[in-house]
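I have placed the structure first, in the form of structure tokens, so that the comments after it can refer back to it.
Quick note: numbers below take in every heavy atom, side chains included, and nothing from hydrogens, waters or symmetry partners. Numbers for residues simply follow the sequence, beginning at 1.
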Amino acid sequence: DVSMLKYKDKDALEAIFKRWRAPPPTKTTHPNKTQQESYWDVRIRNHLGTRYDTRRGVFDWDYHMKLSGMAPPLSCREYVHWREVGVAFQLRLDASYDVLNNTLLSYKLVRHGLHDIPVCGYWGDIVSSPFLSFGIDAEDTQLMKDHTGEELKKSSQLVTEHNLLSSFYQLLTGDPYKSTPSIVSLPVVMEDEEREELEREEVEREEVEMEEVEMEEVEMEEVEMEE
């Protein structure tokens with residue numbers, strides 16, 4: 001029931017719902033970025049100012065000086081990646097996350113000269129990270145250990161997934177949730193070396209494909225010359 005709301009509040013809600021239904025815009029403030037990356041980049045630039053060019057160092061410092069002791073499961077790699085591009089949880093590390101989530105966008109009045117102009121963008125958290133909600137602690141003390149008892153590498157995503165599954169399971173059944181080995185040992189964090197190896201393989205595949213295309217073009221030219 002929105003009958004008790006002021007008209008300006010109703011108008012604001014209507015604008016939000018229309019924004020959700022509208023197709024995603026195609027223009028970005030940066031030609032090499034997707035729309036969501038562009039919105040995120042604007043916030044990062046405004047927040048860091050002259051420190052933008054050294055942002056990875058700023059993100060690394062924020063993690064080690066502010067978060068590492070408070071959130072042990074959170075790895076520096078996860079945090080810095082989120083600060084850089086705004087993607088916290090990745091179902092597949094080789095996937096591209098370029099679909100804009102309109103529900104995270106809203107309007108904010110920004111002073112321009114003598115007037116306040118509504119500007120659409122992402123105005124949420126860009127410092128603390130969403131990992132802190134469910135990804136820093138768990139009731140299951142064995143969560144971060146494999147079947148041999150050895151500690152797994154840091155992964156706030158792993159802890160978040162476990163806590164969410166646990167919450168949903170208890171809501172549905174009323175019974176406590178226990179991790180399964182397949183979930184406990186889920187390799188959600190990829191080492192830098194593995195990332196680099198995947199990138200090298202991708203480059204090699206592209207080079208091979210280019211060579212094949214060039215060979216086909218040469219063969220076509222030879223055939224045409226013979227004819």
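- With sequence neighbours excluded, the residues forming a side-chain contact (heavy atoms from CB on, under 4.5 Å) with D11 are E14, listed by chain and number.
- By the side-chain contact (heavy atoms from CB on, under 4.5 Å) test, V58 is found to be paired with L48, R51, T54, D62, residues two or more places apart in sequence or in another chain being considered.
- Side chains of M70 and L67 form a contact here, defined as non-hydrogen atoms less than 4.5 Å apart.
- Side-chain contact between W61 and K66: present, with at least one pair of heavy atoms (C-beta onward) separated by less than 4.5 Å.
- Remark: side-chain polar atoms of W40 are paired, donor with acceptor, to backbone N or O of R83 under 3.5 angstrom.
- Among all heavy-atom pairs drawn from H162 and A138, the shortest one is CD2-CB, 4.0 Å.
- Side-chain atoms of T160 come within 3.5 Å of backbone N or O of S156 as a donor-acceptor pair.
- No donor-acceptor distance shorter than 3.5 angstrom exists from the side chain of D60 to the backbone of R56, with no hydrogens or angles considered.
- The shortest non-hydrogen separation linking V159 to P73 is CG2-CB, 3.9 Å.
- Among all heavy-atom pairs drawn from H64 and C76, the shortest one is CE1-SG, 3.8 Å.
- Hydrophobic clustering, with ILVMFWY side chains joined whenever heavy atoms are under 4.5 angstrom apart, groups F131 together with L104.
- In this structure, R55 satisfies the cation-pi test against Y52, with its NZ or CZ atom closer than 6.0 Å to the six-membered ring centre and inside 45 degrees of the ring normal.
- Of the inter-residue distances, the one linking E84 atom CD with D41 atom CG reads 8.5 Å to the nearest 0.5 angstrom.
- W82 is not listed as a side-chain neighbour of F89, based on a closest heavy-atom distance of 4.5 Å or more.
- Hydrophobic clustering (ILVMFWY, side-chain heavy atoms < 4.5 Å, transitive): L132 and F59 are in one cluster.
- Residues Y63 and V127 fall within the same hydrophobic cluster, defined by Ile, Leu, Val, Met, Phe, Trp and Tyr side chains chained together at heavy-atom separations under 4.5 Å.
- Cluster membership check: L5 shares its hydrophobic cluster with F17, using side-chain heavy-atom separations under 4.5 Å among Ile, Leu, Val, Met, Phe, Trp and Tyr.
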Item to complete: Take Y177 and S167 through the test side-chain contact (heavy atoms from CB on, under 4.5 Å) and record every step on the way to the result.
Response: CA-CA 8 Å; Y177 176 79; S167 298; over 6 Å; no

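- Between Q157 and E78, the shortest heavy-atom distance links the atoms N-OE2, 3.1 Å.
- Within the structure, every pair that satisfies the side-chain hydrogen bond (donor to acceptor under 3.5 Å, both in side chains) test and touches residues 108-129, not counting sequence neighbours, is listed here: R111-D116.
- Between H47 and I126, the closest heavy-atom pair is CB-CD1, 3.7 Å.
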